[in-house]
Peer 1: 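Sharing a structure with you now.
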Amino acid sequence: MTHLWVRAESRENEERVGVLPDGVEALIAQGMTVTVEDSPTRVIPIAEFEAAGATIAAESDWVNAPEDAIIFGLKELPDNSSALRHRHIMFGHAYKGQPAGQRLLSRFKAGGGTLYDLEYLEDAERRRVAAFGYWAGYAGAAVSLLAYAAQQADAPCPSVNTWPSSQAMRDDVKAALDGATPNALVIGALGRVGTGASDLCEEVGLSVTKWDMAETAHGGPFPEVLDHTLFFNCILARPGTPVFIPTDASETSRRLRVIGDIACDPDSDFSPIKVYNRVTTWEVPVLRVCDAPPLDVMAIDNLPSLMPRESSEDFAGQLLPHLKTLTDIDSSVWARAKTYFDEHIQKVTT
């Protein structure tokens, strides 16, 4: 019998969950065993999962789960050296040369476990079947605009915390802008992330230039980026991704004031934004990379967590049909995800 074990998230500022109580009920109805760990921060109370029929386990007890359990979480595991013996479903961030990702793969190699990376859960046409992208784009644009508003007032960008809804987030951005309407460029505008960023900008009255593959196919350079007040990168870093912001951009004449690197992969060699090298946080949402004129980079790497309920509901709805196929994990989207793991685990030497 397939056993899905939903672990508590250990990362700070993470309230999301990848399956809802109604999804748990559906999985149990088709014969699965579902265990859900208790969590003091999850946006859905544990009582709702228990009412749906889940077995409740203590927080972080997945390390003691049966050998055949499939451990399901969203964000990364605690970064330590313990060997990983289970099959894990999560966003691993391990296939683009990231240092933490290489350590993660080493742990899987040591323990004989397997990573089914949610970023690489794809259909037959290699399109992702479930993503938080829309809400990443929406929230990333919102935080970047809050940074812009603070910058114009010669003040630091305020810290951020969860919003109860997208409308509440949008209302706060409108109030901060106080009628200002800077222009924005979104690259990756046709994808989920770019659509979310564009929607938020347009909902608060901004003019948005929308670029996608056709506009970036020539490979650069892209001086138009510097002619916009805000730039949102919504393209995942992969081999062949062109550079949108070169290292000398801060020294060039520009209108650009805020970069929202929503794709946010500064540790990757393929990052198209070359003026910064670390993620930002909820406490300090932007990194000032130039003072005269100011240029701030927003690079929070768990943006959908700012709207944990809406983003969880959306993602869980996309993923549930595929969770139902875990009874045949060696086929379809899960088999394709494992091919990525098999390819990269072979490169691990330690």
Peer 1: Just how far is it from atom CG of N13 to atom OG1 of T162, taken to the nearest 0.5 Å?
Peer 2: 8.5 Å

Peer 1: Kindly determine whether V34 and T55 satisfy side-chain contact (heavy atoms from CB on, under 4.5 Å), including the steps that lead there.
Peer 2: CA-CA 6 Å; V34 180; T55 300; over 6 Å; no

Peer 1: Please determine whether side-chain contact (heavy atoms from CB on, under 4.5 Å) holds for the pair E12 and T41, giving the CA-CA distance in whole Å, both sets of side-chain angles, and the decisive distance to 0.1 Å.
Peer 2: CA-CA 9 Å; E12 187 179 13; T41 59; over 6 Å; no

Peer 1: Is any side-chain heavy atom of L206 closer than 4.5 Å to one of P182?
Peer 2: yes

Peer 1: Going by heavy atoms in the side chains, are I70 and I329 under 4.5 Å from each other?
Peer 2: yes

Peer 1: Using ring pair (Phe, Tyr, Trp, His ring centres under 6.0 Å) as the criterion, point out the one residue from Y116, W334, F108 that pairs with F341.
Peer 2: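 Exactly one pass, corresponding to F108.
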
Peer 1: Flag the pair D265 / I273 as yes when at least one side-chain heavy-atom distance between them is below 4.5 Å, and no otherwise.
Peer 2: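 Of all side-chain heavy-atom pairs linking I273 with D265, none is under 4.5 Å.
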
Peer 1: Partners of D172 by side chain to side chain donor-acceptor pair (under 3.5 Å), sequence neighbours excluded?
Peer 2: W163

Peer 1: Residues in ring-ring contact (aromatic ring centres under 6.0 Å, His included) with F315, at least two apart?
Peer 2: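 With sequence neighbours excluded, F315 shows a ring-ring contact (aromatic ring centres under 6.0 Å, His included) to F132, given in chain and number order.
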
Peer 1: Side-chain donor-acceptor pair under 3.5 Å between S166 and E310, yes or no?
Peer 2: yes

Peer 1: When you check the gap from the basic side-chain N to the acidic O, do E119 and K96 get nearer than 4.0 Å?
Peer 2: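 Judged by the 4.0 Å cut-off on N to carboxylate O distance, E119 and K96 do form a salt bridge.
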
Peer 1: Can you name the nearest heavy-atom pair linking A8 to D38, along with the distance?
Peer 2: CB-O, 3.5 Å

Peer 1: Locate the shortest heavy-atom distance separating L74 from R7; write the atom from each residue and the value.
Peer 2: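 Heavy-atom minimum between the residues: N-NH2, 4.0 Å.
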
Peer 1: Does P293 have any side chain to side chain contact (heavy atoms under 4.5 Å, CB included) partners at least two apart in sequence or in another chain, and if so, which?
Peer 2: R254, R257

Peer 1: Say whether M307 and V173 are linked into one hydrophobic cluster, either directly or through other cluster members, by side-chain heavy-atom distances under 4.5 angstrom.
Peer 2: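 Hydrophobic grouping puts M307 with V173.
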
Peer 1: Is there a side-chain contact between L200 and L145 in this structure, where contact means two heavy atoms from C-beta onward sitting under 4.5 Å apart?
Peer 2: yes

Peer 1: Between I300 and V279, is there a shared hydrophobic cluster once you connect ILVMFWY residues whose side-chain heavy atoms come closer than 4.5 Å?
Peer 2: no

Peer 1: Applying ring-ring contact (aromatic ring centres under 6.0 Å, His included), which residue pairs with at least one partner in residues 19-66 are found, sequence neighbours left out?
Peer 2: W62-H88

Peer 1: With a 4.5 Å limit on heavy-atom distance, are the side chains of M298 and L287 in contact?
Peer 2: no

Peer 1: Identify the heavy atoms of T280 and V297 that sit nearest to each other, and give their distance.
Peer 2: CG2-O, 3.7 Å

Peer 1: Sequence neighbours excluded, which residues qualify as ring-ring contact (aromatic ring centres under 6.0 Å, His included) partners of H322?
Peer 2: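 Residues passing ring-ring contact (aromatic ring centres under 6.0 Å, His included) with H322: none at all.
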
Peer 1: Tell me yes or no: between the side chains of D342 and T339, is some donor less than 3.5 Å from an acceptor?
Peer 2: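 The criterion, which ignores hydrogens and geometry beyond distance, is not satisfied for T339 and D342.
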
Peer 1: Determine, using the 4.5 Å side-chain heavy-atom cutoff (strictly less than), whether F91 and L303 are members of one ILVMFWY cluster.
Peer 2: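 F91 does not cluster with L303.
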
Peer 1: Starting at CD of E76, measure out to CD of E9 and round the result to the nearest 0.5 Å.
Peer 2: 8.5 Å

Peer 1: Is the backbone of D68 close enough, under 3.5 Å, to the side chain of H86 for a donor and an acceptor to pair up by distance?
Peer 2: no

Peer 1: Identify all side-chain donor-acceptor contacts of residues 219-244 below 3.5 Å with residues at least two apart in sequence or on another chain.
Peer 2:
from, atom 1, to, atom 2, distance (Å)
H228, ND1, E224, O, 2.9
H228, NE2, T209, OG1, 3.0
T229, OG1, N183, OD1, 3.2
N233, OD1, I235, N, 3.4
N233, ND2, D261, OD1, 2.8
T241, OG1, R238, N, 3.0
T241, OG1, R238, O, 2.8

Peer 1: Sort and list the pairs that fulfil side chain to side chain donor-acceptor pair (under 3.5 Å) and have at least one residue in residues 130-146, not counting sequence neighbours.
Peer 2: Y134-D199, W135-D314, Y138-R170, Y138-E203

Peer 1: Looking at R103 and D79, is there a salt bridge between them, counting it only when a charged N and a carboxylate O are closer than 4.0 Å?
Peer 2: yes

Peer 1: Could you work out, with side chain to side chain donor-acceptor pair (under 3.5 Å) as the rule, every residue matching S207, not counting sequence neighbours?
Peer 2: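 Side chain to side chain donor-acceptor pair (under 3.5 Å) check on S207 returns nothing, list empty.
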
Peer 1: Measure the spacing between CD of E59 and OG of S39 and express it to the nearest 0.5 Å.
Peer 2: 5.5 Å

Peer 1: Roughly how far, to the nearest 0.5 Å, is CG of L118 from CG of L319?
Peer 2: 6.5 Å

Peer 1: Can you give me the closest heavy-atom contact between E283 and S159, atom names plus distance?
Peer 2: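 Of all heavy-atom pairs spanning E283 and S159, the closest is O-CB, 3.4 Å.
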
Peer 1: L104, I89: one ILVMFWY side-chain cluster at the under-4.5 Å cut-off?
Peer 2: no

Peer 1: Got a sec, which residues hit side chain to side chain contact (heavy atoms under 4.5 Å, CB included) with S82, two or more places apart in sequence or on another chain?
Peer 2: N80, R107

Peer 1: Please lay out, stage by stage, how E202 and K210 fare under the test salt bridge (Lys or Arg N to Asp or Glu O under 4.0 Å).
Peer 2: CA-CA 11 Å; E202 291 175 340; K210 300 177 183 180; 3.0 Å; yes

Peer 1: For Y120, what residues pass the ring-ring contact (aromatic ring centres under 6.0 Å, His included) criterion, not counting sequence neighbours?
Peer 2: Y95, Y340

Peer 1: CD1 of I71 to CG of L4: how many Å apart, nearest 0.5 Å?
Peer 2: 8.5 Å

Peer 1: Identify all side-chain donor-acceptor contacts of residues 185-196 below 3.5 Å with residues at least two apart in sequence or on another chain.
Peer 2:
from, atom 1, to, atom 2, distance (Å)
R192, NH2, R128, O, 3.3
T195, OG1, G191, O, 2.7

Peer 1: Give a yes or no answer on whether the side chain of R85 reaches the backbone of V63 with a donor-acceptor pair at less than 3.5 Å.
Peer 2: yes

Peer 1: What residue pairs, at least two apart or across chains, pass side chain to side chain donor-acceptor pair (under 3.5 Å) with a residue in residues 292-308?
Peer 2: R11-D301, E14-S305, R16-S305, Q151-D296, W282-N302, R288-D296

Peer 1: Run Q30 and T327 through side-chain contact (heavy atoms from CB on, under 4.5 Å) and show every step you take.
Peer 2: CA-CA 10 Å; Q30 73 170 48; T327 51; 4.1 Å; yes

Peer 1: Flag the pair I345 / T114 as yes when at least one side-chain heavy-atom distance between them is below 4.5 Å, and no otherwise.
Peer 2: no

Peer 1: Under a 4.5 Å side-chain heavy-atom rule over Ile, Leu, Val, Met, Phe, Trp and Tyr, are F72 and L115 clustered together?
Peer 2: no

Peer 1: What are the two closest non-hydrogen atoms of V17 and V6, and how far apart are they?
Peer 2: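 Closest heavy-atom pair between V17 and V6: CG2-CG1, 4.2 Å.
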
Peer 1: Looking at E37 and W5, what are the two nearest heavy atoms and their distance?
Peer 2: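 Shortest heavy-atom contact: OE2-NE1, 2.9 Å.
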
Peer 1: Taking the side chain from T325 and the backbone from D328, do they hold a donor-acceptor pair closer than 3.5 Å?
Peer 2: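 Checking the backbone N and O of D328 against the side chain of T325, no donor-acceptor pair under 3.5 Å is found.
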
Peer 1: Could you go through the side-chain contact (heavy atoms from CB on, under 4.5 Å) check for E313 and L20 one step at a time?
Peer 2: CA-CA 7 Å; E313 289 171 350; L20 302 182; 4.0 Å; yes

Peer 1: Distance-only, no hydrogens or angles: does the T252 side chain make a donor-acceptor pair with backbone N or O of D248 under 3.5 Å?
Peer 2: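 Yes; at least one donor-acceptor contact below 3.5 Å.
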
Peer 1: Tell me, do Y148 and L177 make a side-chain contact under 4.5 Å, heavy atoms counted?
Peer 2: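 They are in side-chain contact.
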
Peer 1: Roughly how far apart are L77 CG and M90 CE, rounded to 0.5 Å?
Peer 2: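 Reported to 0.5 Å precision, the distance equals 4.0 Å.
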
